[in-house]
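For reference, the structure discussed in these notes is given below.
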There are 2 protein chains.
Amino acid sequence: MDIDALKDLVSVSKKDMYRNFFHRHKKQIRIKKEHVAVRNLIKITEATLMLSNRKGFSAMSMRDLSAASGLSTGALYSYFSSKDDLLDMIQQESLRVAIRVLSARIDGIRDPQLKLAQAIYTHLYLSEVMHPWFYFSFMETKNLKKRARRKAIEIELRIEKIFIDIIAEGQEAGVFRDVDKEMVAGMIKALLQDWYLKKWKYGQRRIPVEAYAEFLAGVVESYLRVTVKTEQVDKSWV
Amino acid sequence: MDIDALKDLVSVSKKDMYRNFFHRHKKQIRIKKEHVAVRNLIKITEATLMLSNRKGFSAMSMRDLSAASGLSTGALYSYFSSKDDLLDMIQQESLRVAIRVLSARIDGIRDPQLKLAQAIYTHLYLSEVMHPWFYFSFMETKNLKKRARRKAIEIELRIEKIFIDIIAEGQEAGVFRDVDKEMVAGMIKALLQDWYLKKWKYGQRRIPVEAYAEFLAGVVESYLRVTVKTEQVDKSWV
DNA sequence: AGTAAAAAAACGAACGATCGTTATATTTTT
DNA sequence: AAAAATATAACGATCGTTCGTTTTTTTACT
């Protein structure tokens, strides 16, 4: 699996993504023309991600956002109804893309080992390509209003469920050991998360995403792999 | 190893901890009497952790803090010189305690496997007992001013270095496999982190810290354990 | 032991700055 | 000319912080 493939995929569909973004939130966006909306939603979103990931969403002022996006504060409010609403929109979109791409890329794969590896690689590469989104989504979840936070948590658990299910399939097929699948899925999730939460660290150590992916897949594979009990092997030769 | 032992240790020394806190930041604290300072530093710090971990430090106002701590806004400024300064103080103290307790608890242990397990258990239990501190420290690092952030990152890397060194010792002693020790240390760190970042999830699943500790130690041990060489895994699907 | 002066600590109103948001005016596109 | 989009200025609310005052505690002295 190649990261460039995913990069292209996301990059090419960037406009599509924002088109969806626009249509999904049409109620709160007062702009009529799609191409105008898309153009400025890109500016607004990217500026928001940049500023928020630097010093936190609540520390970002609308004047900051105005300056960074190139739109006046008044114009901004044609694209969302409130600051909280802007947070909701970006958060929602982030999780939606994540679960959609992940589901699509593992759909139809039979072999549990392949499927698990594919899920890991996809999540990792996607979080690499959409790093600001993932980082934002994690950091700002607690700033969401109650209802939105519930939904965000629910989607996150659904992503984890994907991994749980794959492991269960592998166990039924007899290719994975009978370990606590929820624990292992949680572990995978934590390690996937570390890649985008501690990006600065891995960058500093010059570890590319491919190396991290290989390492992570290796760890998981070796933990789940069905093996002969080593003690038995040893004793049989004595 | 028992979590209650650590709990007692931290609990008993709570006042001591705040006494250190007080003396270390005497320059910026205008209160003279130690017992007064300690009493109110406890109130202020616990209120800050509570409010910040709920909606973020920058979203917490000094009026919020005043109400939650029981001190007037004016009085608060006898305990720190600015809001940023308060953030610095708590952040610093958190990391300082973590590295001090961790170092003390593994000091003198010869056996690398024991030492690694002890480090994992200590970090995990400590983050359980001091959960609000750990969560705060992680979430608010990026809100620190440049110099303070550099220092925070440096301490975090020093904690990771502890794990790297233990793994290196184990490899030299021949009890750990020759794997990338920095990667494994990073993995351990990520999984330790997950415990206090996703506490709600593990609580929801009724997984106590002891179970998580055992799982994590098991994963790491099984990955590092020296085994008979297995055949090369086919990675053609990657 | 009692009390007045001094020191320490806490209070709370008020400062200017900045916040999110909106109403109105202006510019751009249709 | 109409509609759509953007800009500007201003609103009240709230922010971090300060400062003069009041309350509490300690000290000093009879």
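As the structure is a computational prediction, the values presented were derived from the model and not from experiment. By convention in this document, chain letters (A, B, ...) are assigned in the order of the sequence lines, proteins followed by strands, and residues within each chain are numbered from 1.
A salt bridge links A:E160 to B:K201: one of the charged nitrogens lies within less than 4.0 Å of a carboxylate oxygen. One finds a salt bridge joining B:D64 and B:K55 here, because a Lys/Arg side-chain nitrogen approaches an Asp/Glu carboxylate oxygen to under 4.0 Å.
Atom P of nucleotide C:dA8 and atom NZ of B:K26 are separated by 13 Å, given to the nearest angstrom. Atom CG in A:D64 sits about 15 Å away from atom C1' in D:dC15, given to the nearest Å. Going from atom OH of A:Y77 over to atom P of C:dG20 covers 7 Å, rounded to whole Å. With rounding to whole Å, A:M60 atom CE is found 15 Å from C:dT18 atom C1'. Taking atom CE of residue A:M62 and atom P of nucleotide D:dC15, one finds them 17 Å apart after rounding to whole Å.
B:F22 has its ring centre no less than 6.0 Å from the ring centre of B:H35. A centroid separation of 6.0 Å or more is found between the aromatic rings of A:F138 and A:Y135.
With sequence neighbours left out, B:K83 forms a side chain to side chain donor-acceptor pair (under 3.5 Å) with no residue at all. Partners of B:S69 according to the side chain to side chain donor-acceptor pair (under 3.5 Å) rule, which considers only residues two or more places apart in sequence or in another chain, do not exist here. Considering only residues two or more places apart in sequence or on other chains, B:R63 meets the side chain to side chain donor-acceptor pair (under 3.5 Å) condition with none of them. For the side chain to side chain donor-acceptor pair (under 3.5 Å) test, residues two or more places apart in sequence or in another chain that qualify with B:D84 are B:K145.
Taking every heavy atom of residues 80-93 of chain A and every atom of DNA chain D, no pair lies under 4.0 Å.
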Atom pairs under 3.5 Å, N or O on each side, protein against nucleotides 9-16 of chain C: can you list them with distances?
{"unit_1": "C:dA9", "atom_1": "OP1", "unit_2": "B:K32", "atom_2": "N", "d": "3.1"}
{"unit_1": "C:dA9", "atom_1": "OP1", "unit_2": "B:K33", "atom_2": "N", "d": "2.8"}
{"unit_1": "C:dA9", "atom_1": "OP2", "unit_2": "B:K32", "atom_2": "N", "d": "2.6"}
{"unit_1": "C:dA10", "atom_1": "OP1", "unit_2": "B:N40", "atom_2": "ND2", "d": "2.7"}
{"unit_1": "C:dA10", "atom_1": "OP2", "unit_2": "B:Y79", "atom_2": "OH", "d": "2.8"}
{"unit_1": "C:dC11", "atom_1": "OP2", "unit_2": "B:S72", "atom_2": "N", "d": "2.8"}
{"unit_1": "C:dC11", "atom_1": "OP2", "unit_2": "B:S72", "atom_2": "OG", "d": "3.4"}
{"unit_1": "C:dG12", "atom_1": "O6", "unit_2": "B:G74", "atom_2": "N", "d": "3.4"}

